[in-house]
Amino acid sequence: MAFANPKEALAQAQVLLESDPSPQSASVAHQVIGIWQRDWGDLSLALHHLRRARDLAARAQAPDREADVLATLGVALIHAGRSRQGLASLERSVAVSSGHTRARVLFRRAYAFWVLARHREALEDIRRAIPVLRQAEDVIWTARALTLRATLHLALGAPERAEADFTAAEALWDSTGQEHDKADAVESRGLAAFRSGDIPAALRFLDKANELCTRLGTPTFMLNIRRCEVLMAAGLAPEALAEADEAIAVLDGIGGQSTRKAELLLMAARAAQLAGDPHTAIARAAPAVRLFAGQRRIWWEAHARLVLIEARFAAGRHSGRLVADAAAAAERLASFGAPAAPEASLLAGRIALALGWTADAERHLAIAARSRHTGPMLARITGWVAQALRARAAGSVRGVLSACRRGLDVLDDHRMTLGASELSVRATKHGAELGVLAQQVSLELGSPRRLLVWSERWRATVLSRPPIRPLADPQLRSALTAFREIAARAEAARMEARPVPALEREQRRLEREIQSQALHLRGDSPTDTDRFDPGRLLQELGSRQQLVELIVLDGRIQVLLCGNGRVRRFEAGLLAEAQNEAEHAQAGLRQLAHSGAVSRLPMVEAAGRRLEELLLGPAATHLGDGPVVLVPPAGLDRVPWALLASLRERVLTVSPSASSWLRARETEPPPGSRQVLVRGPGLNNGGAEVTALANRYPGSTVLEREDALGSRVLREIDGAALVHIAAHGTYRADNPLFSSLRMADGPLIVHNLACLDRRPHQIILSSRETTRLSPAGEGGLFGLVAELLPMGTAGIVACNAPVNEAAVVPLMLSLHDGLAAGLSLSEALRDARVARPADALYQATSWAFMAYGAA
C-alpha cells in the first residue's frame, strides 16, 4: 500500500503503532513510515524508523522480515550518501534471505549499484532476480525489476532494450493497482526519451506521470523539476519558469519541504536567466541562496550564488563587490570539483573588464582559461572564451583568432552530446561570443574576406548542430543516450555530495567514443577540407550573381557583397530599427491580405524602401541586375525580402549561410520524378490549387483533407522529388521545433520532419507563416524551413507573412507553370511575382513568399 495509496498506508501504520502491536507487526509499520519519509519526507526521520524496524524484526526472529528491512535501510543509506554502510546493510540482507525474499533483496541491491554507477553488477543482480519473481508470480516486483533493468539498459546505451522493458513493465503495472509505482515507471520513460533526444515524447510521459501523481495526492515537486529541465532543453525557458513558480506556490500552500522549495527556486532562477529576465532571476536566486545556506547544502548554495551573480551582472550591476563574490563562488565551486567553477572565474573576469580593472580581469580570466585543455566540454569552451578575452585585452589579434578557432572546434566536436538542461544554450552562447569576437577583430582589421570567413565559421557551427531528436546511426544513438544519462547522474551525485569518480570516468569514455563515431558520419564534424573557401564561393557565383551576407556587430548591420571575384563591405542601419520597420511591413501585408485594402499598398511599398535603406544601405546600388542570394542573420526572420525595391523583380534566394547555399547547389535530385500533393483540412477555398495540380502531374500522389493523415504524409514525402503542401501552418515563437502543419489527425511538427530518412528535393509550402527562422541558443535557426535545408532539401518556397488563401491559388499555379518550363524555384517565383503587376492583392501575396536554398 505504500506505493498504491501512500497517504492511507502512512495513516494505517501510525494507527497500528498506537495499538501495542507485536514486534513483527511493529516492524512492518516502522518500515512503511520509513519508506514514506524516504521518498516524500525527511530522510533522517526515514533512517530512524527503518533502524527501529530492523531491530524489531531481529527481536521477532523473522529472517525474511529482517532481510526485507535491511534492504530498504540499505537503499535509504545510499540516498543519504553513506554508500559503505548502505552496501553493508544490503550484503547482510542477501546473506540472511532466501528464495522469493532474496529476489526482492537482489532488486534493491541492483538499484543501489545503479545509483553508484556499478552498472554491470546491477544488471547481474537484476537478471538473477527477475526469473524468481516471475516464477513466484510476483507481478508488482517483476514490474519494478523490469523498470530498473530498462534504466540500466539506458545507462549502458541500449535504448531499444530499455524501451522493450519499459513497455513490458507498464503492461504489468496496469494490472496491479500500484499507481505510484506506475507513475515512477512512466516518469522513467520520460527521462529515457529525454536522454535519447526525443523531447516531445519526454514531455508527454512526464505529463502522464504528473496526472497519476496528482490523482494519488502525492507531491510532484521532483517531477516539476524534471519537467523544467526538459522544457529548458527544448528552448522553452518561459514555460519552465511558469512551471517552477506554480510548483512553488503549491508547495507554499501546503507548507511543504524547504529543501524542495530551494531547488525549485534555483530552477526558476535558471529559467528566468535563460529567458533573458535577469530581474526575475535575482528575485528567485536570492531566496534560494538563503534557504540552501540555512539547510547547510553548500554545493547547492554555491551554484545558486553563481546564478545570482550572473543575473545581477546581466541586470547592469558592476561593482568590486560583485567581482569578489564571483571569485569566491569560483573558489567554492572548484573545491567541490564542480564543472561550473571556470564559469564563475570567467564571470569575475568579465565584471572586472567592465569596470576597467585590467589586472584583476587578467588574474580571473587566467584561472578560467586553465580549463581550456581538460575537463568537460562546457568547461573547455569556457576556457577558450576566457583566453580570447585575455588576448583581446592584451591587443593580440592572433591570440583572439586562435582562441576563437580552437573554442569553436571544441564545440563542433561535442555539440551532439548536448542534451541536458540549459547546457546546450550555455554552450552556444559561448560559441556565439567567440564568433563575435573573431568578427569584431576582422572588422577592425578592415578585411571583408576575413570577416566573411568568420561569419561562415560561426554559422557552420550553429547550422550543423543536430536538432534534438533521435539519430539514425544506432551505435552513435546508443552512445549519446548513455552519455546523457551518465552526465545527468554525475551532476545529481555532485549535488548530493556523493562520490562521482566512476561516473566521470564513464562520461569521459563515452565522450571519446562519440567523438570517434561522429567523425565517420558525413557532414557531422567539420574537417579542414570542409572549411569555408571564399574563392570557391566567388567562382560559383560567377560574374552576374551576387551573394549578400548580413552580419550584426554592436547592434549595426554590416553588409558583405560577394561577386565579380571580390568581397566588399558596406555599413547599413541598426538592427533594432530594421526589426521595428519589419513589423510595420508585416502589419501592412496583413491588411493587404484582405481584399479592399488597396489603399494600403503605397504604405507597404514605402516600408520596403525604408527596409532596404536599413538592411542594405549603399550596397543596394551595387547589386547589378543578376540573381541575388541573401544570407540574413538571426533576428531578421520577419523581413519580407521581396518587398525591398532592389530585390522585388529579380531572382532572389534566401539561405541560412553561404556554405549551405553551396551545398544545396550540389544536391542531386532523387531518381525518378515523384510528386506528392497535400491539402490539409480547414482551408475553406484555399489550397484549391492542389486539385488543378493533380491534373498537371499525372501519377502524382494526392492526399486531401481527411486523407491527409500525418503518418501517411510523412511516408509519401520521404525521398520525393517535389512536394506541394497546402495546409494551415502554426509558428511557435517560444520554440520553433514545435512549429507545425495541420493534418487531418493533428499537427505535423518539425520534430516529425526531422526524422525522415530522405528529405524531399523540392518543397512548396503554400500555408501561412511557415518560414520563420527563429534564434535557438545564440544564433541558431529552427523552424520548418531551417530544419529541412541543412539536411538534404535543395530548395523550398514558403511564406513568412499572413496571406489571402484565395490569392495564393493563382500564384501557386503560375509558380508551377515556371517549374514545368524548366525554371528553378527562385526563377519560377520571380516570374510568378511579376505576372499580375496591377493586382494589389496578388502583389501583396507574392511579396509574402520567398525561395530558400538553391533549387
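Here the structure is a predicted model, which is why all the values come from computation and not from measurement.
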Is the closest side-chain donor-acceptor distance between Thr72 and Arg108 under 3.5 Å? yes

If every non-hydrogen atom of [X] is compared with every non-hydrogen atom of [Y], which pair is closest and at what distance?
| X | Y | result |
| --- | --- | --- |
| Ala334 | Ala341 | N-CB, 3.6 Å |
| Ala330 | Ser345 | CB-OG, 3.3 Å |
| Ala209 | Leu223 | C-CD2, 3.6 Å |
| His279 | Ala315 | CE1-CB, 3.8 Å |

Is it the case that more than 12 heavy atoms not belonging to Glu246 sit under 6.0 Å from its CD atom? no

Hey, are the side chains of [X] and [Y] touching, using non-hydrogen atoms and a 4.5 Å cut-off?
| X | Y | result |
| --- | --- | --- |
| Asp207 | Arg227 | yes |
| Trp173 | Arg144 | yes |
| Arg284 | Leu264 | no |
| Ile309 | Ile351 | yes |
| Phe205 | Glu187 | no |
| Pro681 | Arg742 | yes |
| Arg38 | Ile33 | no |
| Leu333 | Glu343 | no |

Hey, does the side chain of Gln586 reach the backbone of Arg638 with a donor-acceptor pair shorter than 3.5 angstrom? yes

Begin from the C-alpha positions of Met267 and Ile248 and carry the test side chain to side chain contact (heavy atoms under 4.5 Å, CB included) through to its verdict. CA-CA 11 Å; Met267 192 63 64; Ile248 291 167; over 6 Å; no

Between Arg305 and Glu310, is there a side-chain N and carboxylate O pair less than 4.0 Å apart? no

Show your reasoning for whether side chain to side chain contact (heavy atoms under 4.5 Å, CB included) applies to Leu241 and Leu231. CA-CA 9 Å; Leu241 173 59; Leu231 288 168; over 6 Å; no

For Glu263 and Leu266: C-alpha separation, side-chain torsions, deciding distance, then whether side chain to side chain contact (heavy atoms under 4.5 Å, CB included) applies. CA-CA 5 Å; Glu263 293 166 24; Leu266 177 56; 5.7 Å; no

For the atom pair CG (Leu306) and CD (Glu301), what is the distance rounded to the nearest 0.5 Å? 12.5 Å

Applying side chain to side chain donor-acceptor pair (under 3.5 Å) to Glu8 and not counting sequence neighbours gives Gln12

Would you sort out whether Val32 and Leu10 count as a side chain to side chain contact (heavy atoms under 4.5 Å, CB included), showing the intermediate values? CA-CA 7 Å; Val32 166; Leu10 178 65; 5.5 Å; no

